[in-house]
Chemist: 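Sending over a structure as structure tokens; questions will come in a sec.
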Amino acid sequence: MFKKILYPTDFSDVAAKALDYIEQLKEAGAQEVVILHVINQRIIDGLRRHAILDKDILQWKKKAQEIAEESLAEMSKALENIGFTVKPIIRTGFPWREILEVEEQENPSLIVIGSHGRSNLSDMFLGAVSDRVIRKSKGPVMVIKRDTED
């Protein structure tokens, strides 16, 4: 049913929880996972607004890229060990736009995304990225809810 999965991650705890669900989808016939991490353009724009030098922004972006590559390599290895074919992708841009663009290019059967990313505002029902992906995606989206403390 869901042969190819698009898994956008910001490496947050809810994104890790979403990865657990992907592992369970292997038993349901999933074969391939496209792991996407987006270096957020809003952060870069914010650094520029605070008069951070371009060379410092480039250093930050390079470090963010290195961390993402290491994390995606670990995730890829874990998924490959359970039998998935894995395609890691790193992009820079606005996360929801990049997710939808990769959806268009990769044509996944399912997008598995966390309900909130790194910024978890308790008064928000759904994260801005996941909300936009749900509204604009052409295919099904599985949203994984953050664990709540009782």
Chemist: Within a radius of less than 6.0 Å around NZ of K61, do more than 12 heavy atoms belonging to other residues, nucleotides or ligands occur?
Modeler: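 Not more than 12 within 6.0 Å, no.
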Chemist: Tell me if a side-chain donor or acceptor on S130 pairs with a main-chain N or O of S115 at a distance below 3.5 Å.
Modeler: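 Side chain of S130 to backbone of S115: a pair is present.
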Chemist: How far apart are the closest heavy atoms of K4 and N107, and which atoms are they?
Modeler: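 What the structure gives for the nearest pair is CD-O, 4.3 Å.
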Chemist: Scan residues 15-34 for pairs that pass side chain to side chain donor-acceptor pair (under 3.5 Å), counting only residues two or more places apart or in two chains.
Modeler: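 For residues 15-34, and leaving out neighbouring residues, the side chain to side chain donor-acceptor pair (under 3.5 Å) pairs sorted by first residue read K17-D147.
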Chemist: Enumerate the ring-ring contact (aromatic ring centres under 6.0 Å, His included) contacts for residues 70-94, please, sequence neighbours excluded, ordered by first and then second residue.
Modeler: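 Checked against ring-ring contact (aromatic ring centres under 6.0 Å, His included) - neighbours excluded - no pair reaches residues 70-94.
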Chemist: T92 versus I44: any side-chain heavy-atom pair under 4.5 Å?
Modeler: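 SC-SC contact between T92 and I44 confirmed.
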Chemist: Would you sort out whether V86 and I35 count as a side chain to side chain contact (heavy atoms under 4.5 Å, CB included), showing the intermediate values?
Modeler: CA-CA 7 Å; V86 181; I35 307 173; 3.7 Å; yes
Chemist: Do R48 and I57 have side chains that get closer than 4.5 Å, going by heavy atoms?
Modeler: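 A side-chain contact under 4.5 Å exists here.
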Chemist: Between I111 and P8, is there a side-chain heavy-atom distance shorter than 4.5 Å?
Modeler: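 Yes, their side chains come closer than 4.5 Å.
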Chemist: Measure the shortest side-chain to side-chain distance between N81 and L79 over non-hydrogen atoms and say whether it is less than 4.5 angstrom.
Modeler: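 Not touching, per the 4.5 Å side-chain cut-off.
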Chemist: Taking a hydrophobic cluster as the set of Ile, Leu, Val, Met, Phe, Trp and Tyr residues connected by side-chain heavy atoms closer than 4.5 Å, whether directly or through intermediates, do L19 and F11 fall within one such cluster?
Modeler: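 Linked, L19 and F11 end up in one cluster.
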Chemist: Shortest non-hydrogen contact from S109 to P140?
Modeler: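 What the structure gives for the nearest pair is O-CG, 3.1 Å.
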Chemist: Provide the closest heavy-atom pair for R91 versus I89 in the form atom of the first, atom of the second, distance.
Modeler: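 Between these two residues, the closest heavy atoms are CG-CG2, 3.9 Å.
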Chemist: Is there a side-chain contact between D56 and Q59 in this structure, where contact means two heavy atoms from C-beta onward sitting under 4.5 Å apart?
Modeler: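 Yes, close enough: below the 4.5 Å cut-off.
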Chemist: Salt bridge (charged side-chain N to carboxylate O under 4.0 Å, His left out) with K138: which of E104, E103, E101, E106?
Modeler: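 Considering E104, E103, E101, E106, a salt bridge (charged side-chain N to carboxylate O under 4.0 Å, His left out) with K138 is found only for E104.
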Chemist: Could you tell me if the side chain of I113 sits less than 4.5 Å from the side chain of V141, heavy atoms only?
Modeler: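 They are in side-chain contact.
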Chemist: Return each pair, listed once, that meets side chain to side chain donor-acceptor pair (under 3.5 Å) where at least one residue sits in residues 65-74; pairs must be two or more places apart or across chains.
Modeler: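 Output for this query lists Q65-E69.
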Chemist: Applying the 4.5 Å side-chain criterion to the ILVMFWY set and letting contacts propagate, would I39 and I43 be lumped into a single cluster?
Modeler: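 In one cluster: yes.
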Chemist: Has the side chain of H37 got a donor or acceptor atom that lies under 3.5 Å from a matching backbone atom of T9?
Modeler: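 Yes, because the side chain of H37 sits within donor-acceptor range (under 3.5 Å) of the backbone of T9.
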Chemist: I'd like to know whether L25 forms a side chain to side chain contact (heavy atoms under 4.5 Å, CB included) with V112, so could you lay out the CA-CA distance, the side-chain angles of the two residues, the decisive distance to 0.1 Å, and finally the verdict.
Modeler: CA-CA 10 Å; L25 288 170; V112 178; 4.2 Å; yes
Chemist: Given side chain to side chain contact (heavy atoms under 4.5 Å, CB included), test V34 with Y7 step by step and report yes or no.
Modeler: CA-CA 6 Å; V34 177; Y7 167 57; over 6 Å; no
Chemist: Can you tell if the side chain of P95 reaches within under 4.5 Å of the side chain of D10, non-hydrogen atoms only?
Modeler: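 In short, these two side chains do not touch, never coming nearer than 4.5 Å.
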Chemist: One pair to check against salt bridge (charged side-chain N to carboxylate O under 4.0 Å, His left out): D131 and R135. What are the steps and the verdict?
Modeler: CA-CA 6 Å; D131 181 58; R135 292 175 190 269; 3.0 Å; yes
Chemist: Would you check if V129 and I99 make a side-chain contact, meaning some heavy-atom pair closer than 4.5 Å?
Modeler: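 With C-beta onward as the side chain, the pair touches.
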Chemist: Out of curiosity, does I82 fall in the hydrophobic cluster containing I22 (side-chain heavy atoms, cut-off under 4.5 Å, transitive links)?
Modeler: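 Yes; I82 is reachable from I22 via cluster members.
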